[in-house]
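Throughout, a chain's letter reflects where its sequence line sits, starting with A, and its residues are numbered from 1. Any value given below was found using the heavy atoms of this structure, including those in side chains, with hydrogens, waters and symmetry copies removed.
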2 protein chains.
Amino acid sequence: MSPEPMRDESEFLASYDPRAYDPVAVTVDVVALTIRDGALHVLLVRRGGAPYAGMWALPGGFVHAGGRREAEDLPDAAVRELAEETGLSGKDGALGRVHLEQLGTYGAPGRDPRMRIISVAYLAFAPELPDPEAGGDAADAAWVAVDALGLTESGDQRPGTTRRLAFDHARILTDGLERARDKLEYTPLATAFCGAEFTIPELRAVYEAVWGEELHAGNFHRKVLSVPGFVESTGATSDKGGRRGGPRPRLYRAGDARLLHPALLRPSREEEIR
Amino acid sequence: MSPEPMRDESEFLASYDPRAYDPVAVTVDVVALTIRDGALHVLLVRRGGAPYAGMWALPGGFVHAGGRREAEDLPDAAVRELAEETGLSGKDGALGRVHLEQLGTYGAPGRDPRMRIISVAYLAFAPELPDPEAGGDAADAAWVAVDALGLTESGDQRPGTTRRLAFDHARILTDGLERARDKLEYTPLATAFCGAEFTIPELRAVYEAVWGEELHAGNFHRKVLSVPGFVESTGATSDKGGRRGGPRPRLYRAGDARLLHPALLRPSREEEIR
DNA sequence: TGAGTTCATCTCGTTATGAGAAGAACGAAA
DNA sequence: TTTCGTTCTTCTCATAACGAGATGAACTCA
């Protein structure tokens with residue numbers, strides 16, 4: 001990993017010139033997902049400046065690497081960009097309960113017309129949040145229904161889709177959705193889309209929105225209660241029934257499991273196997 | 001993502017100065033795993049130069065970003081570094097049959113004493129390969145038994161371990177092993193550790209080496225044959241029995257499944273759940 | 001030749017899953 | 001207020017999957 005062998009470490013550090021290397025920039029981009037009106041939504045910003053001005057993009061920006069500003073870690077950069085470009089406050093505010101994990105890194109030459117840019121993508125699961133306010137370089141910011149973006153399996157957008165995504169963000173978003181679908185199978189992260197207390201029908205609505213298919217209510221109920229540590233009862237009952245009738249569902253909160261065992265497998269997996 | 005709004009994209013590109021940004025460098029590091037003598041091994045190089053001279057590290061190096069050399073994509077950089085530092089030839093040679101996937105990106109400030117370095121880690125599964133030859137900046141290169149590195153769950157090495165790992169490579173390797181264990185559960189990638197044709201006992205040995213526990217031979221056999229697309233029969237039989245006796249096992253090759261359904265879950269999962 | 005090992009298959013009891021049904025609780029419309 | 005349709009929650013039942021153990025044949029090594 002070192003450019004050339006040297007005898008002494010301090011001598012090496014003194015003579016080291018970072019600028020002698022190829023110029024690269026590192027950004028973070030965030031795929032922030034939430035459930036609104038029973039449908040999966042992603043947080044997007046409309047780009048104010050070039051390149052791709054006017055198009056929609058994932059919130060993100062350059063990592064403060066330590067030159068003029070203080071160096072920040074990658075997850076911190078993700079939270080900062082999310083806060084800056086959307087007006088949502090950071091860890092102690094609206095973004096306090098979100099789950100954040102690294103999704104992947106995208107660095108193909110030419111993915112950004114300005115220069116070689118390596119983008120570290122993060123994936124966030126959030127409970128229902130207020131509408132964002134555009135800030136930073138963003139001309140606009142909004143929660144957008146994922147279904148309205150016309151994404152294809154290959155990471156493109158279908159022709160005729162009104163909201164076009166900049167850069168390779170359609171691919172990043174597609175990968176993020178795929179990851180979210182997988183994570184719901186074997187981790188309890190569906191609870192990250194809910195409030196602190198939730199009902200089993202609410203939890204089922206999360207699965208149905210992310211997976212895009214209806215689940216058998218009875219079997220789902222049995223399964224959630226039988227997996228150890230998935231949810232724990234609060235003893236209380238929701239104060240209202242469903243909006244179209246039905247009894248008041250009981251309230252639960254997230255349990256202490258980090259993995260679901262056995263997993264909650266989605267029904268229509270057969271097609272994707274080959 | 002743009003530094004400041006501008007009216008025209010070409011005007012923007014002309015005036016853009018990459019050097020105005022914080023200096024960052026991007027590297028790739030590869031966690032290359034294989035099975036030798038029934039035990040899981042990882043490819044390591046001994047560092048010739050500073051920093052961490054003399055310590056062991058994952059093979060890796062700077063990404064050619066496009067300044068003086070031609071820009072290369074991240075996976076290409078991973079293959080190139082693997083080839084350069086170990087003497088193993090590239091895609092058409094010994095490295096032709098390896099599975100390569102992105103593992104994660106490590107960019108904490110201070111992880112490299114020279115400057116801010118963002119490292120994109122890749123994970124490789126390889127069948128048994130020849131001993132590597134040191135090249136590039138590496139003073140030595142070898143397949144090292146993972147068990148001999150004294151890795152802890154928290155990504156450190158136990159005190160007293162002779163081969164110390166440079167940088168945060170103990171953490172990267174720990175994450176890679178965790179990922180490998182997971183992948184064996186729900187993908188047919190265990191076959192990537194085998195040759196083109198293999199027996200079911202050989203495949204079981206892969207699982208036992210990666211998971212570090214013995215499996216029930218009969219149930220494993222039933223399971224592998226019952227999962228559609230995992231393996232397909234060649235009709236042939238191995239020309240030798242096991243080294244300690246037993247009949248000649250039949251030969252199989254990898255099937256066309258990309259996902260195992262139902263998955264092959266490892267037995268002792270209960271402990272890791274909470 | 002004999003002893004010990006391993007492959008491959010089978011059995012059996014337990015657990016998990018999919019599909020459907022039923023009673024009770026509720027909202028909304030008549 | 002009554003009625004009707006909806007939803008929560010719990011059951012049942014048939015099927016599939018799994019863990020543990022057993023068996024006989026095939027092979028290596030002493």
Which pairs, with at least one residue in residues 177-206 of chain B and sequence neighbours excluded, count as a ring pair (Phe, Tyr, Trp, His ring centres under 6.0 Å)? F125(B)-F193(B)
Between [N] ([atom2]) and [X] ([atom1]): distance, integer Å:
{"X": "E213(A)", "N": "dG18(C)", "atom1": "CD", "atom2": "C1'", "value": "14 Å"}
{"X": "F220(B)", "N": "dA8(C)", "atom1": "CZ", "atom2": "P", "value": "12 Å"}
{"X": "H261(B)", "N": "dT17(C)", "atom1": "NE2", "atom2": "C1'", "value": "11 Å"}
{"X": "L225(B)", "N": "dC10(C)", "atom1": "CG", "atom2": "P", "value": "11 Å"}
{"X": "E214(A)", "N": "dC8(D)", "atom1": "CD", "atom2": "P", "value": "12 Å"}
{"X": "H221(B)", "N": "dT11(C)", "atom1": "NE2", "atom2": "C1'", "value": "17 Å"}

D175(B) bridged to R171(B) by N-O distance under 4.0 Å: yes
Check whether any side-chain heavy atom of W211(B) lies under 4.5 Å from a side-chain heavy atom of E185(B), and answer yes or no.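 Heavy-atom side-chain distance check passes, below 4.5 Å.
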Tabulate below the donor-acceptor pairs under 3.5 Å that side-chain atoms of residues 222-233 of chain B make, not counting sequence neighbours, or state none.
from    : atom 1 : to      : atom 2 : distance (Å)
R222(B) : NH2    : N219(B) : OD1    : 3.2
K223(B) : NZ     : A263(B) : O      : 3.2
S226(B) : OG     : R222(B) : O      : 3.3
S226(B) : OG     : K223(B) : O      : 3.0
E232(B) : OE2    : R253(B) : NE     : 3.0
S233(B) : OG     : G235(B) : N      : 3.0

Using the rule given for side-chain contact (heavy atoms from CB on, under 4.5 Å), can you reason through Y106(A) versus D29(A), listing the C-alpha separation, both sets of side-chain angles and the distance that settles it, and then say yes or no? CA-CA 10 Å; Y106(A) 299 79; D29(A) 290 310; over 6 Å; no
Could you list all N or O pairs between the protein and nucleotides 22-25 of chain D that sit under 3.5 Å apart?
none

May I ask you to decide if [Y]'s main-chain N or O and [X]'s side chain share a donor-acceptor pair within less than 3.5 Å?
{"X": "T34(A)", "Y": "A126(A)", "value": "yes"}
{"X": "Q157(A)", "Y": "L165(A)", "value": "yes"}
{"X": "H169(B)", "Y": "A57(B)", "value": "no"}
{"X": "R46(A)", "Y": "A142(A)", "value": "no"}

Checking T152(B) now: which residues fulfil side-chain hydrogen bond (donor to acceptor under 3.5 Å, both in side chains) with it, not counting sequence neighbours? S154(B)
Looking only at side chains, do T105(B) and T105(A) share a donor and an acceptor under 3.5 Å apart? yes
Short side-chain N/O contact from R248(A) to OP1 or OP2 of dA25(C), under 4.0 Å: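 No, outside the criterion.
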For nucleotides 15-18 of chain D, list the nitrogen or oxygen atoms of the protein found under 3.5 Å from its nitrogen or oxygen atoms, one pair per line.
from    : atom 1 : to      : atom 2 : distance (Å)
dC18(D) : OP1    : K223(B) : NZ     : 2.7
dC18(D) : OP2    : K223(B) : NZ     : 2.7

Looking at DNA chain D, which of residues 193-209 of chain B put a heavy atom within less than 4.0 Å of it? none
